[in-house]
Trainee: 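Quick one: the structure is below, and I'll ask about it shortly.
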Amino acid sequence: MVAVDVDELTVKVQDVYRHVAEEPDGAYHFELGRGLADRLGYDSGVMDRVPAEAVESFAGVGHFFDLACLIDGEHVLDLGSGSGTDAFVAAQLVGPSGRVLGVDFTTEQLAKAQRTARTAGLTHVEFRMGRIESLPVDDGTFDCVISNGVINLSPDKDVVFREAARALRPGGRLALADIVSERPLTEGIACNADLWASCIGGAVQIDAYRANIEDAGLRIELVRDHPEYRFLSGSARGATDTYGIRSISLLAVKPDRSGR
């Protein structure tokens with residue numbers, strides 16, 4: 001694993017996303033809000049029903065709900081749920097007989113999502129404090145695990161994918177969007193906590209990313225690029241061009257007892 005200072009990284013990530021929660025009109029390396037969601041391919045009718053307070057702090061990097069194929073009554077776990085946009089989308093798709101749990105470790109994001117859920121009366125959506133490397137959930141209790149632009153922030157991606165696999169029931173799905181790279185990052189970038197917190201320094205080569213997923217016991221079904229996603233700052237765009245940093249969406253399945 002890259003020798004980034006994990007404690008420093010935690011502080012940087014929490015600081016960035018505290019600002020995202022509290023100051024959605026601020027300047028960041030990445031875009032926020034409804035315009036981003038629309039460009040990434042989110043269904044406009046569904047987004048119209050997501051509370052605006054959540055959407056203003058949406059910082060996703062891709063779209064995966066067409067891959068997740070959520071249905072009524074399913075249980076969904078959102079890794080790094082932020083202000084709750086994807087959790088609220090999932091809640092519409094699984095209906096009131098389903099359940100959605102979002103896990104995040106930034107206090108301000110968690111508070112915003114919890115407040116929004118209460119205001120909207122969404123009793124089948126819950127947000128819980130926790131780290132995606134050590135999920136506060138029981139084994140095999142979710143039909144689908146989702147995540148959007150978060151796993152790249154973890155220095156222990158192999159652990160994250162093992163935790164996702166643990167949370168899934170046999171036959172369950174992992175549907176995510178994330179940032180990966182074509183070429184190895186320099187040590188100066190990969191050990192820079194500021195660049196990690198900006199979704200750049202933690203991008204790993206796509207082959208290594210896929211290997212982490214498969215080593216966790218999940219079978220990759222589909223990977224696609226999201227060329228419509230782009231970073232905003234000049235330094236972030238420069239790194240994107242140099243190292244082939246890009247957004248992807250991915251679907252993987254936890255094989256059932258028959259191996260399917």
Trainee: Which residue pairs pass the side-chain hydrogen bond (donor to acceptor under 3.5 Å, both in side chains) test when at least one of the two sits in residues 211-221, sequence neighbours left out?
Mentor: R219-E221
Trainee: Got a sec, which residues hit ring-ring contact (aromatic ring centres under 6.0 Å, His included) with F88, two or more places apart in sequence or on another chain?
Mentor: F127
Trainee: Are F58 and I146 in one and the same hydrophobic cluster, where Ile, Leu, Val, Met, Phe, Trp and Tyr link if side-chain heavy atoms are under 4.5 Å apart?
Mentor: yes
Trainee: Taking NZ, NE, NH1 and NH2 as the nitrogens, is one of them in R131 or E163 under 4.0 Å from a carboxylate oxygen of the other?
Mentor: no
Trainee: Is R34 salt-bridged to E56, going by a charged N under 4.0 Å from an acidic O?
Mentor: no
Trainee: Not counting sequence neighbours, which residues clear side-chain hydrogen bond (donor to acceptor under 3.5 Å, both in side chains) with R49? List them please.
Mentor: Q92
Trainee: Between D15 and R18, is the closest basic N to carboxylate O distance under 4.0 Å?
Mentor: yes
Trainee: Taking the basic N atoms (NZ, or NE/NH1/NH2) and the acidic carboxylate oxygens, is any pair closer than 4.0 Å for D143 and R169?
Mentor: yes
Trainee: Sequence neighbours left out, what pairs pass salt bridge (Lys or Arg N to Asp or Glu O under 4.0 Å) with at least one residue falling in residues 80-109?
Mentor: R99-E126
Trainee: How long is the gap from CD on E133 to NZ on K157, to the nearest 0.5 Å?
Mentor: 9.5 Å
Trainee: Only pairs at least two apart or in different chains count here, so list each ring pair (Phe, Tyr, Trp, His ring centres under 6.0 Å) that has a residue in residues 204-225.
Mentor: F161-Y209
Trainee: Mind checking side-chain contact (heavy atoms from CB on, under 4.5 Å) for P96 and listing every partner two or more places apart, or none if nothing turns up?
Mentor: none
Trainee: Does the plane of the ring in Y28 sit parallel, tilted or perpendicular to the ring in F30? Use 30° and 60° as the thresholds.
Mentor: parallel
Trainee: Run through L135, I151, V150, L153 and flag the one making a side chain to side chain contact (heavy atoms under 4.5 Å, CB included) with V160.
Mentor: I151
